[in-house]
K.L.:
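This is the structure I have questions about; it appears just below.
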Amino acid sequence: MKIRMKKSCVYCLISLALLSCTAADSVKPVAAKVKNVIMIIGDGMGPQQVGLLLSYARQAPHSVIASRTTALDRMMEQGRLGISMTYTADTLVTDSAASATQLATGKFAGAEMIGLDKDGNPQENIIEKARLMGKATGLVSDTRITHATPAAFAAHQTHRSQENTIPEDLLATGADVMFSGGLSFWLPEQANDKKSALHQQLAQMTGNSIEIKSSRKDAKNLLTIAQQQGYTLAFNKAQLQQATGKTLGLFAASGMANGIVETQNRGDALHTEPTLKEMSLQALKILSRNEQGFFLMIESGQIDWAAHRNDTGLLLHEMLRFNDTLNAVLDWAENRQDTLIIVTADHETGGFGFSYSGVDIPKPHTLPGAAFAGGTLFQPNFNFGNPDVLDKIYAQQLSYHDIFIQFDKLPKDQQTPIKLTELVNRYTEFKITEAQAVKILATEANPLYRAGHMSLGEKTVPKMEVNGAFFVYQKENRENLLAQAVSVSQQVVWATGTHTSTPVFVFVKGEEQTMQPFAKILHHTQLGRLTIDALN
Ligand code: MG
Ligand code: ZN
């Protein structure tokens, strides 16, 4: 009898457990509702890029993060962490357009699509949904507003390259604030004529703070259409800070300043281009006036650009720009119960990592510990990397891209390996030799170059130092090769010039019930749906 009772009790417990499991599985995780959602996307900010920020904050001898605490540490104080897979409908790896589409719509997309599902049907995005709910909406990016990530949150196009039609989509969707670069895609072709009245009028409107040029091949003036739709226009920091309502802010002809330039301009009153942090704070100020709440997407978009070029110093400054922006958003949200903050990436870029090597192995030395008493020397077999390298990475004065811009401006007969050596050694702490510069410059005929003005077999293809198949942007191959030249001294390896499939982090901060569904292994379509659910 005793035994039988025990048996039935155990049976009861098992069936109860089974019952509760089935019940839990059949209920899909639904995020609780919040008034405001802020999604911050680090483009290309995989776990490796997050790792660079954390290594720098914690280990750099002279870290500019005096507290050694990053904004991501703050996210985790009362936040939750999930991870998310980023692949598209039919591919292993994603690009930014498909990834942002999946986040913005919760539907699988195809590579390089903007706001369409995998079959090519336009799908309602979170901006459109939030507007129907009566919420205010905003897009902020330090790239340009027509670029893949912001575009996929508010446009519907078959390919990300359609940047001349994306502005019309953006206006049709009508987010209340759009702050970024990319003015050239909004101006009629005639603006290129410096003598025209239009050119002069635009120069005056922008306070001469942006180069006036058009990337369009037609006479459409999208700025005029924006004004007709009730947008106030802003082109510099002063105009941004006066903005109170529906505002289109275009602060650069194409991409905004890179992270190194932003670091150097910080505190410079004469600098007219706003920072990502300034744009984000102004967006919050405007959007939070809506009593129904808001959805805001902020992109730290040049993390990806630095990583494509394998430019570690620039990448660190991009991560610091992201960190500054997130800190400001966290300060804004402090003590608010009505806001959910989601920080994620669209994918990882470059396959970055610090790595140990067999070069410059530290000399054996004594240690005070008991196990080393009696003369045994501490002698690891490899060079595991000195944290001093982090300060040297921070000290880079010019991006690799800008170093090559300077190089390309030299008269042709001066574009020599020795000149490149001088430039690299002037602006970075990781010196190269003339022999290395010779190899870096032997890149002119990568047959995989996609820009179209170089055909296969036109020149003899020199022996590539990088695996050409994964370094598809030919002009940047010089930068990838420079990265490889300093790899040993930086203690850094890069796997590719494109993206990887590495799952990305999902940091969330808000009310417990709201955060809980995000703390899982997700796919970006699920992350998108959870974000939409949280607002709905
Ligand atoms: Mg992007
Ligand atoms: Zn990319």
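This structure is a prediction, so every number in the text was calculated from the model and none was measured. Here, residue 1 is the first one in the sequence, and each next residue gets the next number. Indexing begins at 1, ligand by ligand and atom by atom, following the structure's order. Below, each value reflects all heavy atoms present in this structure, side chains not excepted, and no hydrogens, waters or symmetry copies.
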K.L.:
Do you know how many protein N, O or S atoms are within a distance smaller than 2.8 Å of the Mg ion (ligand 1)?
P.N.:
3
K.L.:
I'd like to know if the side chain of Ser99 pairs up with that of His347 as donor and acceptor (distance under 3.5 Å, no hydrogens or angles considered).
P.N.:
no
K.L.:
Say whether, by atom type as modelled, one donor and one acceptor occur between the side chain of Asp346 and the main chain of Gly44 under 3.5 angstrom.
P.N.:
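It does hold such a pair.
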K.L.:
Salt bridge or not for Arg321 and Asp142, using N-O below 4.0 Å?
P.N.:
yes
K.L.:
State yes or no: are the ring centers of His308 and Trp494 separated by less than 6.0 Å?
P.N.:
no
K.L.:
Is any side-chain heavy atom of Ile440 closer than 4.5 Å to a side-chain heavy atom of Phe404?
P.N.:
yes
K.L.:
Are the charged groups of Glu189 and Lys220 less than 4.0 angstrom apart, N to O?
P.N.:
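Salt bridge flag = no for Lys220 with Glu189.
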K.L.:
Between Tyr56 and Tyr394, is the ring centre distance below 6.0 Å?
P.N.:
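Yes, close enough.
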K.L.:
What is the number of protein N, O or S atoms that sit under 2.8 Å away from the Zn ion (ligand 2)?
P.N.:
4
K.L.:
Centre-to-centre under 6.0 Å for Tyr87 and His523, is that the case here?
P.N.:
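That pair passes the under 6.0 Å test.
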K.L.:
Scan Thr263, Asn323, Leu320 and name whichever one has a side-chain contact (heavy atoms from CB on, under 4.5 Å) with Val64.
P.N.:
Leu320
